[in-house]
Student: 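After the structure tokens below, expect a handful of questions from me.
We're numbering straight along the sequence, starting at 1.
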Amino acid sequence: MHTYLVTGGAGFIGSNYIHYMFRKYGDDIRIINVDKLTYAGNLENLKDIENRSNYRFVRADICDKDAIAAIFAEEDVDRVVHFAAESHVDRSIETPEVFVQTNVLGTAVMLNSAKAAWELPDGSFKPDHKFLHVSTDEVYGSLEEDGGYFYETTPYAPHSPYSASKASSDMLVKAYMDTYKFPANITNCSNNYGPYQFPEKLIPLIINNALQGKNLPVYGDGRNVRDWLYVEDHAKAIDMVQETGRLFETYNVGGHNEKQNIEIIHIILDTLREMLPESDPRRANVSDDLITYVTDRKGHDRRYAIAPDKIKSEIGWEPETMFAEGIRKTIKWFFENEEWMKNVTSGDYEKYYDSMYSNR
Ligand code: NAD
Ligand code: TYD
């Protein structure tokens, strides 16, 4: 039986991963979720599983060495899955230091704590103990509009403070693997979407604004391309890499679902019109006229795209959820969880939204 220390499990991908793991393994695993509960962390995301006897939540900052060491001392952790991070590019442009603190320093603390707990007197590591660092394709920089993909061999060329901090954290993991033979893997995934995503990111923000008849802000010309992956497919990839991937390897996750931002917005509007019953008053709000072109993001990467050849050929993982299906599932989830959206958009969200969008 594996005992997982999951960091950032109250966030978007982390909470989907925890749900996925309990659905898959039931009582055959134990999960300790360590999360600081920043604005992005929300225990509501985990309310269906919070009473399981094989689940424990610890509120802690990953930069707090003592708190992390205490967890390794109390629990027989043999798997770390490290999601905790500051994750939003626009915020990183406003406050880069927080990103360096959590993403770089926090990762160093996680690596060091796992190394201290798992290292044997001869410098090797306890057998079958593994660390998986969850990262992003944004570390590779930006692709030309007319071609090319990110491969595991693509040189790192991050542009935003967010991607620079994630690239730094990846480099630290690589340094631990190279220097100490620390048992780890890195996954670099493309843009995720799905349930529990905080509405600062494009897809939930557009769904939420459209339902309320609020403007749909499109940065620049709206033709930047992202390669979208349904979050459950990402959760599955992480588990498969950790259990069947070659140790010390990086795997890119994503694939062949490239869309321009403006296309995404049109798909969301069309799907909302299709799914909302005639009698629903929100139907009247959903209109193409809400689309508003605003000042571009500084240093906006043009295109991201992954060719998932390595993870497919070595591990047999492929994206399973087609975008048309994934976006319907996502919208259905938001319809059924209006309260969740209300709760996360009350309070500080309004302040964030006004400061981020009023001068665009
Ligand atoms: P998120 O912002 O939704 O969640 C981050 C979680 O980390 C939150 O629960 C937050 O409370 C927690 N956290 C932040 N700082 C912390 C700290 N100092 N100590 C402990 N917990 C802290 O992010 P997400 O979208 O779920 O992304 C999770 C991971 O996946 C990140 O490492 C991100 O870089 C990576 N990633 C995200 C995407 C994407 O599309 N969202 C794509 C590829 C990779
Ligand atoms: P985002 O969801 O922030 O993810 P990332 O920047 O990590 O790729 O943004 C996805 C794309 O959507 C990106 O090209 C920026 C664009 N975007 C908008 O046009 N308007 C918005 O309000 C937001 C949040 C993003």
Side-chain angles (χ1 to χ4, degrees), residues 1-26 28-35 40-41 45-46 49 55 62 77-85 87 103 106-107 110-111 114 128-139 150 152 166 169-170 173-174 176-177 182-197 227-255 257 306 308-321 326:
M1 170 162 155
H2 297 305
T3 299
Y4 288 80
L5 194 173
V6 173
T7 69
F12 162 50
I13 306 176
S15 59
N16 276 285
Y17 169 81
I18 291 175
H19 282 119
Y20 172 81
M21 292 297 279
F22 281 133
R23 273 200 305 278
K24 177 162 181 199
Y25 296 105
D28 296 341
I29 54 169
R30 174 165 171 75
I31 295 183
I32 297 118
N33 172 17
V34 180
D35 197 298
N45 300 359
L46 296 159
I49 56 99
Y55 170 76
I62 54 164
V77 172
D78 61 346
R79 296 282 184 275
V80 172
V81 182
H82 177 37
F83 293 96
S87 68
N103 299 1
T107 300
M110 289 309 303
L111 287 165
D128 196 28
H129 284 55
K130 302 178 188 182
F131 187 107
L132 189 139
H133 177 63
V134 180
S135 192
T136 166
D137 62 355
E138 302 190 26
V139 297
F150 294 139
E152 289 78 359
K166 290 298 292 187
S169 65
D170 292 11
V173 180
K174 287 174 201 264
Y176 268 63
M177 296 193 289
F182 179 74
N185 286 105
I186 300 172
T187 52
N188 293 93
C189 188
S190 62
N191 287 60
N192 284 214
Y193 68 100
Y196 304 111
Q197 189 168 28
D227 180 357
W228 294 94
L229 181 71
Y230 191 61
V231 62
E232 202 177 304
D233 286 348
H234 186 190
K236 182 172 181 182
I238 288 169
D239 180 41
M240 287 176 79
V241 166
Q242 191 159 47
E243 293 316 313
T244 59
R246 282 185 295 138
L247 214 51
F248 313 120
E249 291 291 317
T250 286
Y251 292 90
N252 285 351
V253 185
N257 186 41
I306 287 212
D309 302 3
K310 180 174 173 181
I311 191 168
K312 185 178 173 190
S313 66
E314 286 192 14
I315 296 181
W317 178 90
E318 275 187 283
E320 283 171 24
T321 313

Student: Heavy-atom distance under 4.5 Å between the side chains of V77 and Y4, does that happen here?
Tutor: no
Student: What are the two closest heavy atoms between M1 and D28, and how far apart are they?
Tutor: CG-O, 3.3 Å
Student: Less than 4.5 Å apart, any side-chain heavy atom of V81 and any of V134?
Tutor: yes
Student: Centres of the H2 and Y25 rings: under 6.0 Å?
Tutor: no
Student: One pair to check against side chain to side chain donor-acceptor pair (under 3.5 Å): D170 and N188. What are the steps and the verdict?
Tutor: CA-CA 9 Å; D170 292 11; N188 293 93; 3.1 Å; yes
Student: Name all residues meeting the salt bridge (charged side-chain N to carboxylate O under 4.0 Å, His left out) criterion together with R246; count only those two or more places apart in sequence or in a different chain, and write none if there are none.
Tutor: E249, E314
Student: Which pair of non-hydrogen atoms, one from M240 and one from I315, has the smallest distance, and what is that distance?
Tutor: CE-O, 3.4 Å
Student: With the side chain counted from C-beta on, respond yes when V231 and Y17 share a heavy-atom pair under 4.5 Å apart, and no when they do not.
Tutor: no
Student: Restricting to pairs with a member in residues 3-24, which pass salt bridge (charged side-chain N to carboxylate O under 4.0 Å, His left out), not counting sequence neighbours?
Tutor: R23-E232, K24-D239
Student: Would D233 and T321 count as a side chain to side chain donor-acceptor pair (under 3.5 Å) here? Give the steps.
Tutor: CA-CA 7 Å; D233 286 348; T321 313; 3.2 Å; yes
Student: Any salt bridge linking K312 with E318? Criterion: basic side-chain nitrogen under 4.0 Å from a carboxylate oxygen.
Tutor: yes
Student: Any side-chain to backbone donor/acceptor pair from D35 onto A10? Under 3.5 Å, distance only.
Tutor: yes
Student: Does D137 use its side chain to pair, donor to acceptor, with the backbone of F150 at less than 3.5 Å?
Tutor: no
Student: Do I62 and H82 come within less than 4.5 Å of each other through their side chains, counting heavy atoms only?
Tutor: yes
Student: Could you check whether any side-chain N or O of S15 sits under 3.5 Å from a backbone N or O of F12, counting only pairs where one atom can act as donor and the other as acceptor?
Tutor: yes
Student: Sub-3.5 Å donor-acceptor pair from the side chain of N33 to the main-chain atoms of G9, do we have one?
Tutor: yes
Student: Apply salt bridge (charged side-chain N to carboxylate O under 4.0 Å, His left out) to R30 and list each qualifying residue two or more places apart in sequence or on a separate chain.
Tutor: E75
Student: Give the minimum heavy-atom separation between N192 and Q197, together with the two atoms involved.
Tutor: O-NE2, 3.3 Å
Student: Taking C-beta and beyond as the side chain, do L132 and V80 meet within less than 4.5 Å on heavy atoms?
Tutor: no
Student: Please find the pair of heavy atoms, one from T107 and one from S169, that lie closest to each other, and give the distance.
Tutor: OG1-CB, 3.6 Å
Student: For atom NZ of K130, is the number of surrounding heavy atoms from other residues, nucleotides or ligands below 6.0 Å larger than 12?
Tutor: yes
Student: Answer whether the closest heavy-atom distance between the side chains of L229 and N191 falls below 4.5 Å.
Tutor: no
Student: Would you call Y176 and H133 a side-chain contact if the rule is heavy atoms closer than 4.5 Å?
Tutor: no
Student: Are N252 and I311 side-chain neighbours, meaning at least one heavy-atom pair lies under 4.5 Å?
Tutor: no
Student: Show the nearest heavy-atom pair for residues F182 and M177, with the distance to one decimal.
Tutor: O-CG, 3.4 Å
Student: Determine yes or no for a side-chain-to-main-chain donor-acceptor pair under 3.5 angstrom, with K310 supplying the side chain and T250 the backbone.
Tutor: yes
